[in-house]
Protein chains: 2
Amino acid sequence: MADEAPFQFLHNEVIQYIYKSAESGETENGRNIAKLENMGFRVGQGLIERLTKDSARFKDELDIMKFVCKDFWTCVFKKQIDNLRTNHQGIYVLQDNKFRLLSQLSAGKQYLEHAPKYLAFTCGLVRGALSNLGVKSIVTAEVSIMPACKFQIMIQKM
Amino acid sequence: MADEAPFQFLHNEVIQYIYKSAESGETENGRNIAKLENMGFRVGQGLIERLTKDSARFKDELDIMKFVCKDFWTCVFKKQIDNLRTNHQGIYVLQDNKFRLLSQLSAGKQYLEHAPKYLAFTCGLVRGALSNLGVKSIVTAEVSIMPACKFQIMIQKM
């Protein structure tokens, strides 16, 4: 019961803290998002290191993505990604039909504008995990109907 | 495996973030500790609310403390408090012989000075949980040999 609750509550507090401690204003929003994304990046790096310490080497990029969708997602969100799609040219879309960090928000349309700050940390989380597995990427998120959520990963060829 | 890891890593990042974003200087340390304590307080409030939503009413103060040592601690740290003592006059000492948020720190004496910032959040966590159960308290922590740790709770009679 409530296994992921400490993480969820702490995550919410971090968002509140960062938004409250910053000056108000339009330009600040971008900076706050970046701060959350960076925090997620470092958490993702640490987590993936711990999760893969006894794993065999991954076969390819798709193999890595499957690990992120399954083991990594379960570790953080206590469920797997519901759907993974790819165009086989470096774009992956991970769909979570009940994303935990959004599930405490009301689904009303008027709250949709608040979604980005609840997604920034997780975008960073994925980017950090991939980065430590040698995959450079850009990760964005979009919500159409809460709490469903899509993360798009664009691989940056090196 | 690594069930509490997301929480641990996020907790570490929050400490880093708060210490990095503050100005350096002796006086700032107290403020950072207070920020972490406050964050813990609110997380504790939220968590205890969720954990006790189907519980029967607690018999007395000791009953509340036992719940904190067992259910609450297990929810956050995946283990119970190892020892609970009280003087039956409003002071409780909770001992955790392997406190998770310290277990990633080296046990060397030179790191002992860093312990307070790893304990502040949890002091707030306990204070917040008790507060929502109607018990006003002051919570402090001390470490003698890492990662063992004692939390002292002084009940404030109202």
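Per chain, numbering begins at 1; letters A, B, ... match sequence-line order.
Atoms CD and CZ, on Gln16(A) and Arg42(B) in that order, are 8.0 Å from each other to the nearest 0.5 Å. Here CZ of Phe9(A) is found 10.5 Å from CD of Gln45(B). Values are rounded to the nearest 0.5 Å.
Highest contact tally toward chain B, considering only Thr74(A), Asn12(A), Val76(A), is held by Val76(A) [criterion: heavy-atom pairs under 4.5 Å].
Checking each of Val14(B), Ile18(B), Leu36(B) against Tyr17(A) for a side chain to side chain contact (heavy atoms under 4.5 Å, CB included) leaves exactly one that passes, namely Ile18(B). Tested against Glu13(A) for a side chain to side chain contact (heavy atoms under 4.5 Å, CB included), the candidates Leu10(B), Val43(B), Asn38(B) yield a single pass: Val43(B).
For Gln8(A), the part lying near chain B is the side chain, with the backbone staying farther off; criterion is any non-hydrogen pair under 4.5 Å.
Applying the 6.0 Å contact sphere to NZ of Lys136(B) captures no more than 12 heavy atoms from other residues, nucleotides or ligands. For Lys98(B), the NZ atom counts as loosely surrounded, since its 6.0 Å shell holds 12 or fewer non-hydrogen atoms of other residues, nucleotides or ligands.
Residue Ile155(B) is grouped with residue Phe72(B) when hydrophobic side chains (ILVMFWY) are merged at heavy-atom distances under 4.5 angstrom, including chains of intermediate members. One hydrophobic cluster, built from ILVMFWY side chains closer than 4.5 Å, cannot hold both Phe41(A) and Tyr19(B); they sit in different ones.
The minimum heavy-atom distance between Pro6(A) and Cys75(B), with the atom names listed, is CG-O, 3.4 Å.
When the ring pair (Phe, Tyr, Trp, His ring centres under 6.0 Å) test is applied to Tyr118(B), no partner is found at least two apart in sequence or on another chain. For Phe121(B), the ring pair (Phe, Tyr, Trp, His ring centres under 6.0 Å) partners are His11(B), not counting sequence neighbours.
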